Structures are given as C-alpha cells and as structure tokens.
Amino acid sequence: MTASTYVSLYERRLKLVQDTLTEHSGFSAESSRALAVHVLGALDHIPESIR
C-alpha cells in the first residue's frame with residue numbers, strides 16, 4: 001500500500017512559481033522560494049474578477 005502525503009493547494013502553487021523562477025532566472029532554489037511567496041501574496045490580493 002502506498003501512503004499519500006497531503007499537499008495543500010497553496011504549496012502546489014508555491015512550488016509551481018518557485019520552479020518557474022528557478023528555471024528562468026539565475027536565482028537559487030531558496031531565493032526563488034522567497035520570491036515566490038511574495039509573488040503569490042501579490043496575486044492573492046488581486047480581485048478574482050480581474051484575475
């Protein structure tokens with residue numbers, strides 16, 4: 001039997017942004033994660049009707 005690990009939607013979004021930043025910039029994984037937190041924070045403050 002395989003045990004599954006729950007990963008929140010926020011963590012999945014964070015990982016997507018982090019991976020994109022790491023892949024397309026010279027940032028380290030740690031720097032990309034810190035920036036991804038800020039990016040998602042900014043995106044979450046945009047009203048959904050505009051997103």
Side-chain angles (χ1 to χ4, degrees):
M1 179 162 68
T2 305
S4 62
T5 303
Y6 174 76
V7 178
S8 71
L9 181 57
Y10 175 79
E11 285 295 325
R12 292 189 340 213
R13 292 173 65 213
L14 187 63
K15 180 73 171 140
L16 174 66
V17 175
Q18 177 185 353
D19 290 347
T20 301
L21 289 170
T22 302
E23 182 178 334
H24 297 285
S25 71
F27 298 143
S28 67
E30 184 178 309
S31 295
S32 293
R33 183 170 179 89
L35 184 55
V37 169
H38 291 288
V39 168
L40 285 181
L43 288 174
D44 286 345
H45 282 88
I46 299 172
E48 191 168 335
S49 59
I50 296 173
R51 285 189 265 162

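Computed from a prediction, not measured in an experiment: that's the story for all the values here.
- Within the structure, salt bridge (Lys or Arg N to Asp or Glu O under 4.0 Å) contacts touching residues 7-22 (residues at least two apart or in different chains) are E11-R33, R13-D44, K15-D19.
- Membership of the apolar cluster around V17 extends to Y10, L14, L21, F27, L35, V37, V39, L40, L43, I46, I50, as traced through chained side-chain contacts below 4.5 Å between ILVMFWY residues.
- Contact between S32 and Q18 at its shortest, heavy atoms only, is CB-O, 3.7 Å.
- For S28, the side-chain contact (heavy atoms from CB on, under 4.5 Å) criterion is met by E30, S31, not counting sequence neighbours.
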